[in-house]
Peer 1: 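Have a look at this one.
Chain letters run A, B, ... following the sequence lines, proteins first, then strands; residues in each count from 1. Just so it is clear, the values below take in all heavy atoms, side chains as well, and ignore hydrogens, waters and symmetry mates. The structure displayed is predicted, hence computed values, not measured ones.
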2 protein chains.
Amino acid sequence: MDRSTRQRDAIRALFTPKGRPLSPKEIQERADREAPGISLATVYRTVKALEELGEIVRVELPGETARYELAGKEHHHHFQCESCGRAFEIHGCPGGLGKLAPPGFQVNRHEITLFGLCSTCARKAG
Amino acid sequence: MDRSTRQRDAIRALFTPKGRPLSPKEIQERADREAPGISLATVYRTVKALEELGEIVRVELPGETARYELAGKEHHHHFQCESCGRAFEIHGCPGGLGKLAPPGFQVNRHEITLFGLCSTCARKAG
DNA sequence: ATGGGTGCAAATTGTTTGCATTTTA
DNA sequence: TAAAATGCAAACAATTTGCACCCAT
């Protein structure tokens, strides 16, 4: 298998149904194990290509750099650990958020982000 | 009144109970009317000072540059217009979001952002 | 040799900071 | 005239892009 293919496959393999949203740097670090020496530029280009192919989607969390996760998951939101910085997927959604908008405003979508400590960091913090 | 004071007051005056969250660039543009020639560096430094004084708070919306708004408002969330880019305050909160987090996770705060068209842009779009 | 894909470095954007200069007391 | 604050430009971080180079066909 050629290098290009190995790099793309290494990146594609990072996105699984159970995986958490990954930042470009996290993607590079992990892909580097299977495709040593992969550059950040290639990570960005590959991620962009996979996004356009509809395989992954961009996830924007407040105050955070963009993350990416597998596309096609059911509607969900995210949890951002304020200690380790990792993002996690959370299930469930209160719904009816469109009613919060002022009259005349058209709501197309919404994002909910919970901030706090993930189970690992909460345990360490006691 | 000296120049420093005029600049700081011009910025401070932008933050009102009814105002919407403003980005550094919006702050510079508006402050420039009362304090012509104000530099972006001064805007950033003043905003940081006002934040440390507890007069304003930073608002982070997904995929957006940081905004600032008057501190001390009651708990609320934001609406981001996908057309004009302006951010608006929205009232009300579904509550009980902490229950969405996985077991062992500690939720300290949450952010809800609605995306769509503000009343002005919705009207133009027909 | 031809085209696709890569790495490096330069360009961009948003934000911060060092420093000489200006302003104020 | 000494302290405080400003503006400009350089420094940074994240992301994108131009370009020379390399590999596979």
Peer 1: Check whether the ring centres of Phe88(A) and Phe105(B) lie less than 6.0 Å apart, and answer yes or no.
Peer 2: yes

Peer 1: As a quick check of understanding, evaluate side-chain hydrogen bond (donor to acceptor under 3.5 Å, both in side chains) for His110(B) and His75(B), giving each step before the final call.
Peer 2: CA-CA 10 Å; His110(B) 66 264; His75(B) 180 69; 3.2 Å; yes

Peer 1: Once you round it to whole Å, what is the distance between P of dA10(D) and CG of Leu40(B)?
Peer 2: 17 Å

Peer 1: Gln7(B) side chain N/O closer than 4.0 Å to the phosphate oxygens (OP1, OP2) of dT6(D)?
Peer 2: yes

Peer 1: Under 4.0 Å: is that the gap between some side-chain N or O of Thr42(B) and OP1 or OP2 of dG7(D)?
Peer 2: yes

Peer 1: Ion pair present between Arg109(B) and Glu82(A), side-chain N to carboxylate O less than 4.0 angstrom?
Peer 2: yes

Peer 1: Compute both the distance and the angle, then confirm whether Arg58(B) meets the cation-pi test with Tyr68(B): under 6.0 Å from the six-membered ring centre, within 45 degrees of the axis.
Peer 2: no

Peer 1: Per the atom types in the model, does the base of dG7(D) pair as donor or acceptor with the side chain of Arg3(B) at under 3.5 Å?
Peer 2: no

Peer 1: Ala41(B) or Thr5(A): which one's nearest nucleotide on DNA chain C is closer to the 5' end?
Peer 2: Thr5(A)

Peer 1: In whole Å, I'd like the distance from the CG atom of Asp2(A) to the P atom of dT25(D).
Peer 2: 7 Å

Peer 1: Under 4.0 Å between a Lys/Arg side-chain N and an Asp/Glu carboxylate O for Glu89(B) and Lys73(B)?
Peer 2: yes

Peer 1: Please find the earliest and latest nucleotides of DNA chain C, in the 5' to 3' direction, that have an atom within less than 4.0 Å of any heavy atom of chain A.
Peer 2: dG5(C) to dC8(C)

Peer 1: What is the separation between atom CD on Glu64(A) and atom P on dA13(D), rounded to the nearest whole Å?
Peer 2: 16 Å

Peer 1: Roughly how many Å is it from CG in Asp9(B) to P in dT6(D), rounded to a whole number?
Peer 2: 12 Å

Peer 1: Round to a whole Å and report the spacing from OH of Tyr44(B) to P of dA9(D).
Peer 2: 17 Å

Peer 1: Roughly, in whole Å, what's the span from CD1 in Ile27(A) to C1' in dT15(D)?
Peer 2: 13 Å

Peer 1: Can you see if the side chain of Thr65(A) gets near the phosphate of dT15(D) - specifically, an N or O under 4.0 Å from OP1 or OP2?
Peer 2: yes

Peer 1: Between His76(B) and His91(B), what is the ring plane arrangement, given parallel below 30°, perpendicular above 60°, and tilted in between?
Peer 2: tilted

Peer 1: Let me spell it out: for each of Arg6(B) and Arg58(B), pick the nucleotide of DNA chain C with the closest heavy atom. Which residue's pick is nearer the 5' end?
Peer 2: Arg58(B)

Peer 1: Side-chain polar contacts of residues 48-56 of chain A - donor-acceptor pairs under 3.5 angstrom, sequence neighbours left out - could you list them?
Peer 2:
| from | atom 1 | to | atom 2 | distance (Å) |
| --- | --- | --- | --- | --- |
| Glu55(A) | OE1 | Arg12(A) | NE | 2.9 |
| Glu55(A) | OE2 | Arg12(A) | NH2 | 3.2 |

